[in-house]
Amino acid sequence: MTQENQPVIYDENQIIAERRAKLTEIRQTNNAFPNTFRRDHLTSELFKQFNELSKEQLEEQPTIVKIAGRMVLKRVMGKASFATIQDMSGRIQLYISNDHTGEPVHAAFKHYDLGDILGAQGTLFKTKTGELSIRVTDLQLLTKSLRPLPEKFHGLADQEQKYRQRYLDLITNEETRKVFAIRSKVVQAIREFFVERDYLEVETPMMHSIPGGASARPFSTHHNALDMALFLRIAPELYLKRLVVGGMEKVFEINRNFRNEGISTRHNPEFTMLEFYEAYQDFTYLMDFTEQMLAHVAKQVLGTTHISYQGKTMDLSKPFMRLTITQAIQKFHPDYTTEQLNDRNYLIKKLQALNIHLNPNDGIGGLQLSLFDETTEHLLFEPTFIVDYPAEVSPLARRNDNNPGVTDRFELYIAGREIANGFSELNDPEDQAARFQEQAKAKDAGDSEAMHYDADYIRALEYGLPPTAGEGIGIDRLVMLLTDSPSIRDVILFPQLRQED
RNA sequence: GGGUCGUUAGCUCAGCCGGUAGAGCAGCGGACUUUUAAUCCGUUGGUCGCCAGUUCGAUCCUGGCACGACCUACCA
């Protein structure tokens with residue numbers, strides 16, 4: 001290791017040294033990092049506006065344009081050269097020749113490197129193969145790139161580097177740019193969907209003194225001035241329902257949650273969650289609402305509700321299946337009889353035989369859920385609402401009027417993954433207090449994911465939460481589905497990785 | 001947490017049943033005024049992830065470690 005106050009140059013090589021030397025030379029005569037060039041077009045606009053014109057039409061009505069971007073291809077041929085410039089919208093080819101720029105500009109261009117950022121002015125024309133290009137009259141180096149780009153044909157292939165140096169992945173790989181453009185549009189479409197329906201977008205705290213709203217282990221931190229323990233939120237749920245108590249009868253929030261748990265192709269420690277609440281509605285309304293929203297988002301973003309995911313297709317415009325936990329198990333495993341699935345002893349024996357972890361205190365519902373999670377969940381490719389969740393695993397959901405052992409709750413599965421979780425909210429403060437107490441007991445008994453008793457939340461419920469329906473949707477997983485991405489890391493710009501070195 | 005696989009030039013990858021390494025791209029020099037991953041000639045560039053062990057000798061074999069990918073477990 002170098003001494004502390006010396007710059008650490010850890011991976012200089014010959015290519016970087018040569019580029020540095022070029023930069024030093026540029027500094028002798030010019031501002032090496034000018035910020036005076038202004039483009040008047042994006043490359044995609046030029047194609048949209050002028051690609052229809054013929055070679056002759058372009059020559060008759062010369063159009064002068066200014067564009068800027070990163071040079072990603074370069075072909076030098078003596079007295080004339082071609083370069084491909086990439087900006088946020090696309091690419092266009094430059095034609096640089098001594099005839100139109102003068103020899104010194106072309107000579108300087110020959111020393112520019114792939115990755116350099118250039119500003120160009122010139123006249124639109126079409127090459128003999130009919131490609132819209134710019135015949136350059138003025139060319140400026142706007143930013144010298146000191147590091148070589150990944151190989152121009154294969155791009156960046158190393159998965160680790162794609163995640164760690166996402167900027168390189170974005171420069172190199174159009175597919176990656178597309179994924180994050182879609183992600184942006186998905187969020188946009190969802191936001192519009194709610195705003196059109198008179199929902200209020202809100203932001204609730206990311207730092208909670210009592211982490212609540214989900215069963216998960218939190219990240220903990222400390223506020224110095226208040227000398228107080230704080231937790232990064234695992235869910236916004238309890239705050240959003242406090243807002244419904246306050247009269248915000250339709251609210252939504254799109255924001256990050258943090259869970260201190262395993263990392264996988266489906267899990268990142270920080271992930272984006274949509275949660276929304278609407279007073280005077282129930283969970284059946286949410287299921288219809290969710291169907292509409294997903295179809296709308298797909299249509300809006302992809303132009304179709306026909307989704308292809310990892311080689312299989314589905315149609316988001318059809319009504320989603322609705323199955324109870326036991327119906328779903330039987331649909332994929334017809335050998336289980338209804339009697340067996342309602343026999344506590346049978347379930348315990350079966351789960352043990354399948355080597356499935358089970359909570360010995362679980363009632364029949366909890367055992368059914370364990371069996372479902374292990375045997376059936378991953379098979380639910382077509383969008384499917386699973387209903388009849390047991391109250392014991394749903395501490396914030398309203399009990400069913402006819403069967404108090406289950407709640408008015410659903411989870412939505414698509415492509416074998418949980419995408420959404422919604423329910424009619426538990427608004428009986430005394431029942432909620434009792435459920436919190438059960439959770440606190442479980443916590444004392446060693447369940448690190450059990451919930452805390454949140455006294456202020458109970459107090460809020462005591463003022464009166466109107467009958468309400470609420471739901472959370474995992475945005476990252478939704479984007480995975482809509483971009484055909486196999487890993488959650490592919491839809492998060494900077495996924496969590498171990499520290500380098 | 002467990003399992004499998006991987007790590008060689010800036011990038012994409014070969015290779016070595018053990019004798020300190022190659023290609024293409026990028027770079028540098030040269031030719032070339034319509035190229036398209038331009039082409040042609042010449043050329044620079046390597047702690048073969050790290051640390052031990054075995055060996056006369058290790059990039060290669062063995063063990064450990066680091067990092068990553070995938071699968072699996074908890075979770076959304």
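If you check every strand for non-hydrogen atoms under 4.0 Å, E131(A) touches a base. Among the heavy atoms of the strands, none lies under 4.0 Å from E270(A). Contacts of S487(A) with the nucleic acid, taken as non-hydrogen atoms under 4.0 Å apart, involve only primed sugar atoms and P, OP1 or OP2.
The base of U33(B) lies close enough to the side chain of D99(A) for a donor and an acceptor atom to sit less than 3.5 Å apart. Between the base of U35(B) and the side chain of Q93(A) there is a donor-acceptor pair shorter than 3.5 Å. The base of U36(B) is paired with the side chain of T129(A) by a donor and an acceptor separated by under 3.5 Å. Side-chain N/O atoms of Y95(A) and base N/O atoms of U33(B) include a donor-acceptor pair closer than 3.5 Å.
Listed by first and then second residue, the ring-ring contact (aromatic ring centres under 6.0 Å, His included) pairs involving residues 119-141 of chain A are Y95(A)-F125(A) (not counting sequence neighbours).
The side chain of D113(A) approaches C28(B) more closely than any other nucleotide in the set C28(B), C74(B), A37(B). Taking every side-chain heavy atom of M77(A) into account, U35(B) is the closest of U35(B), G27(B), A37(B).
Between E45(A) and K48(A), no side-chain nitrogen of the basic residue sits less than 4.0 Å from a carboxylate oxygen of the acidic one, so the salt-bridge criterion is not met. Between E374(A) and K350(A) there is no salt bridge, since no side-chain nitrogen of the basic residue lies less than 4.0 Å from a carboxylate oxygen of the acidic one.
Where A80(A) and V76(A) each meet RNA chain B at their nearest nucleotide, the meeting point lying more 5' is that of A80(A). Nucleotides of RNA chain B nearest to F82(A) and H111(A) differ in position, and the one nearer the 5' end is that of H111(A).
Taking side-chain N and O atoms only, K152(A) has no distance below 4.0 Å to OP1 or OP2 of C11(B). Residue K22(A) places none of its side-chain N or O atoms closer than 4.0 Å to OP1 or OP2 of G27(B).
Annotation: F289(A) is in aromatic contact with F193(A) [ring centroid separation under 6.0 Å].
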